[in-house]
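Here is the structure we will look at, set down as structure tokens.
We count residues from 1, following the sequence as given.
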Amino acid sequence: MVNCMAPEFELFKKNPFFQMSSEMFAVITSEGIFIPLNSSWEKTLGFSIEELHSRHWIELIHTDDRPSALAEIHKLKNANSTITSFEVRQHCVNEEYKRLRWSVRIDNTQSIYYVVACDISSVKEMEKQLRENEQRFQRLAAKHSQESEFLHTLMDNNPDHIYFKDIDSQFIRISRSLANRFGLKDPSDAIGKTDFDFFTREHAHQAYEDERTVIDTGKPIEAKQEKETWPGAQDTWVSTTKVPIRDRSGRIKGTCGISRDITEYHQADQALRDSEAKWRSLVESAPDIITTLDLNYTLQFINRIPPAADVTVEDVIGKSIFEFLTEEHHEGFRLACRQVIDTGEVAGYEIQGRLSGNWYASCLGPIIRDGRIVGFLMTSTDISARKQAEMELQESEQRFRRAVLNAPLPIMIHDENGEIILISRAWTELTGYSPEEMTTVSTWLEQANQELSQDIQEYLIQVNLNKERVAPTQYEITTKAGKKQIWEFSSSLLGIQPDGTRIIISMALDNTDRIKAQQAMQNAKETAEYASRAKSDFLANMSHELRTPLNAIIGFAEILRDELVGPVNDEQKECISDIRVSGQHLLEMINDILDLSKIEAGKMSLQLEEFLILDAVEEVNAIINALAIKKNIELGLTCPKNGTIEADRIKVKQIFYNLLSNAVKFTPNNGKVTTHLNVTSSDLYVTVTDTGIGISEEDQMKLFAPFTQIDTSKSRRYGGTGLGLALTQRLIELHQGEISVTSEEGQGSTFSFSIPIRQT
């Protein structure tokens with residue numbers, strides 16, 4: 001244990017260098033006793049030497065900083081380093097903290113630590129203020145940049161003339177609109193110039209005097225109306241405002257001006273003043289009731305009182321207009337006045353007088369003074385008789401409208417120009433188009449049947465010319481959903497509008513289902529008859545007539561080949577072989593025809609047996625391989641080794657033979673044909689994929705039809721009768737299976753079929 005009052009420590013305390021230094025020196029014993037060596041600790045922390053000496057050194061450090069401080073001290077014990085430095089927050093006597101930087105060196109011989117501490121609180125505070133100042137400067141710079149962009153946008157796009165001048169009334173900057181008025185290509189061309197370079201001397205001198213007044217008094221000139229003569233001797237009236245420009249110390253450095261063109265307003269105001277003297281004499285003799293109101297709807301003037309109203313002009317002036325209108329018209333009248341205020345234009349409104357009961361067609365216009373709307377001018381024409389007739393007509397029209405809208409048949413009422421006036425709900429429901437999408441007949445026809453649009457419109461023109469009902473005519477239309485419908489149209493003249501335009505009513509009857517049913521029956525009948533004749537003719541002409549002589553041809557060819565009637569040379573043998581192969585091929589075709597007819601007649605039965613599907617497919621592949629080798633086509637097969645099915649083995653092999661021979665036939669040289677089989681617990685799934693010429697979507701629809709070839713040009717090139725796939729489909733269906741095809745022209749084909757592995 002180190003004695004805290006050791007003589008060497010006393011020497012430290014008496015050393016004048018330690019006492020004069022602003023840095024704080026101390027010793028920490030192995031027990032953690034803190035021994036201050038100079039008075040800087042008292043000055044910095046406020047604790048006395050005795051108070052500091054009586055405490056463990058770690059107690060003087062902020063609780064959050066203690067783990068890091070202890071770690072640094074322990075590092076001196078366990079590491080080769082003898083000196084470390086770290087920052088901590090130190091307790092002060094007033095419950096505050098100061099930031100100190102400790103430098104600690106360990107004396108391993110005595111197990112004590114020498115501490116030198118320096119108060120860095122002010123440095124940290126300065127660093128904090130510096131960071132805050134940097135952030136504040138960045139914000140000010142960003143704000144200045146934004147304000148500069150705002151000013152640039154304002155100067156380039158504001159239609160008013162904006163300009164800045166220095167203390168001598170020379171232009172510093174002008175807006176683009178003012179530069180255009182001066183005839184300058186760029187606003188910067190005006191820098192350094194004055195009004196004397198652009199205006200008449202009289203106007204330039206007055207502008208200079210105004211700017212001197214602003215500079216001398218420091219007060220702005222606001223909305224001064226003055227006449228300006230521009231280059232080219234064009235005169236305008238402007239409203240000008242000029243304000244002083246000051247620097248940060250408040251000294252005036254120049255002026256800023258904004259001029260707005262008020263030529264039209266000035267001319268209108270002058271014209272209004274000239275006409276004010278005339279309008280009173282005009283309204284006094286006008287047959288209509290003319291009144292003026294202020295913005296609070298108070299009557300200011302009225303030229304006459306309706307005879308039925310028992311009041312005088314004096315009784316009316318100064319009263320609210322609403323005292324003389326029926327209550328249901330109050331809100332509508334306010335809306336009309338609001339429209340005048342918002343748009344500055346005349347608004348029409350029909351009102352009913354409360355005292356007279358008369359109806360009036362009123363026109364509300366703005367009264368403008370000094371550019372502001374200060375009231376309303378209203379002219380009212382008595383329309384009581386017309387209103388009564390309109391109400392009776394409206395009631396009749398409503399009855400007619402309801403009858404058309406709710407009619408069970410499609411009804412359209414339109415004028416001779418094709419403008420649709422009314423359309424029934426049945427029309428919109430059947431076509432799917434809303435009334436908004438059928439504003440005119442031509443608009444609807446462009447959507448419903450663009451090809452027959454002209455024909456239908458000519459039909460409607462004929463109605464207009466004949467002035468009578470035209471015989472019904474059928475046309476095909478297309479609904480919004482794309483559905484084709486056959487409508488029978490019947491049109492006739494309905495009446496004539498006041499302007500002479502004829503009104504036509506068109507009614508329609510949807511015959512789509514009836515016509516489709518008739519067409520379907522006819523098509524089915526023709527198809528059945530054609531198929532029956534084709535099959536009968538084909539079987540009659542081909543099957544039995546060819547089978548017997550072909551058997552003889554094949555038999556004699558085999559006798560010649562086997563030299564039973566004498567020797568033959570090699571060339572003759574080759575010819576005989578060709579005869580036999582061709583005859584055998586024709587016999588197979590005839591057998592296909594007979595098999596197909598047996599299936600369709602329900603006379604073909606299955607000879608069921610269990611066998612490995614892999615064996616059956618490999619037997620077919622062995623036959624197909626000879627064809628594939630000639631075209632260098634790769635045959636691929638993936639199949640489970642032990643997949644067993646119950647089926648007619650010969651017919652299953654015929655299915656594979658037909659699909660694989662077709663795939664090889666229609667696959668170009670160097671292509672690939674792949675067969676994939678998967679046997680599940682219930683079904684056999686097969687896909688035969690080739691890289692051949694593919695099949696169009698249209699041809700796929702008739703691919704499995706018997707006696708049909710999808711493309712005669714291809715049949716001539718590749719051969720075949722069109723029976724293979726039809727027979728294949730029947731054999732698969734005989735096994736209670738299904739077949740399908742996916743293909744794209746030029747991209748190959750994939751035929752897929754499945755059959756149950758057990759037949760019932």
For Arg338 and Asp342, run salt bridge (charged side-chain N to carboxylate O under 4.0 Å, His left out): C-alpha distance rounded to whole Å, both residues' side-chain angles, the deciding distance at 0.1 Å, then the answer. CA-CA 6 Å; Arg338 173 54 56 189; Asp342 292 342; 3.7 Å; yes
Between OH on residue Tyr163 and CG on residue Leu178, distance to nearest 0.5 Å: 8.0 Å
Thr478 side chain to Lys483 main-chain N or O, any donor-acceptor pair under 3.5 Å? no
In terms of ring plane angle, is the pair Tyr208 and Phe196 parallel, tilted or perpendicular, where the classes change at 30° and 60°? tilted
For Glu350, is there an ion pair with Arg386 - N to carboxylate O distance below 4.0 angstrom? yes
At their closest point, which heavy atom of Glu328 faces which heavy atom of Gln352, and how far apart are they? OE2-OE1, 4.1 Å
Whether the Glu437 and Ser434 side chains hold a donor-acceptor pair (N or O, under 3.5 Å, no angle test) is what I'd like checked. yes
A side-chain contact here means heavy atoms from C-beta on lying under 4.5 Å apart; do Ile290 and Ile302 qualify? no
Under 6.0 Å between the ring centres of Phe182 and Phe199? yes
With distance as the sole criterion, is a donor-acceptor pair present between the side chains of Ser177 and Asn180 under 3.5 Å? no
is_close_aromatic(Tyr297, Phe322), centroid dist under 6.0 Å: yes
If only side-chain N and O atoms count, and only distance matters, is there a donor-acceptor pair under 3.5 Å linking Glu211 with Ser169? yes
In Ile411, Ile423, Leu422, the residue satisfying side chain to side chain contact (heavy atoms under 4.5 Å, CB included) with Leu405 is Leu422
With a 4.5 Å limit on heavy-atom distance, are the side chains of Gln518 and Gln522 in contact? no
When you measure from the side chain of Asn158 to the backbone N and O of Asp160, does any donor-acceptor pair fall under 3.5 Å? yes
Taking side-chain contact (heavy atoms from CB on, under 4.5 Å) as the test, write out the residues that go with Arg402, two or more places apart. Gln398, Arg399, Asn406
For Thr236 and Asp261, does a side-chain donor sit closer than 3.5 Å to a side-chain acceptor? no
Return yes if some donor-acceptor pair links the side-chain N/O of Asp186 with the main-chain N/O of Ser188 below 3.5 Å, else return no. yes
Backbone N/O of Lys242 and side chain of Asp210: donor-acceptor pair under 3.5 Å: no
Check: Thr240 main-chain N/O paired with Ser259 side-chain donor or acceptor under 3.5 Å: no
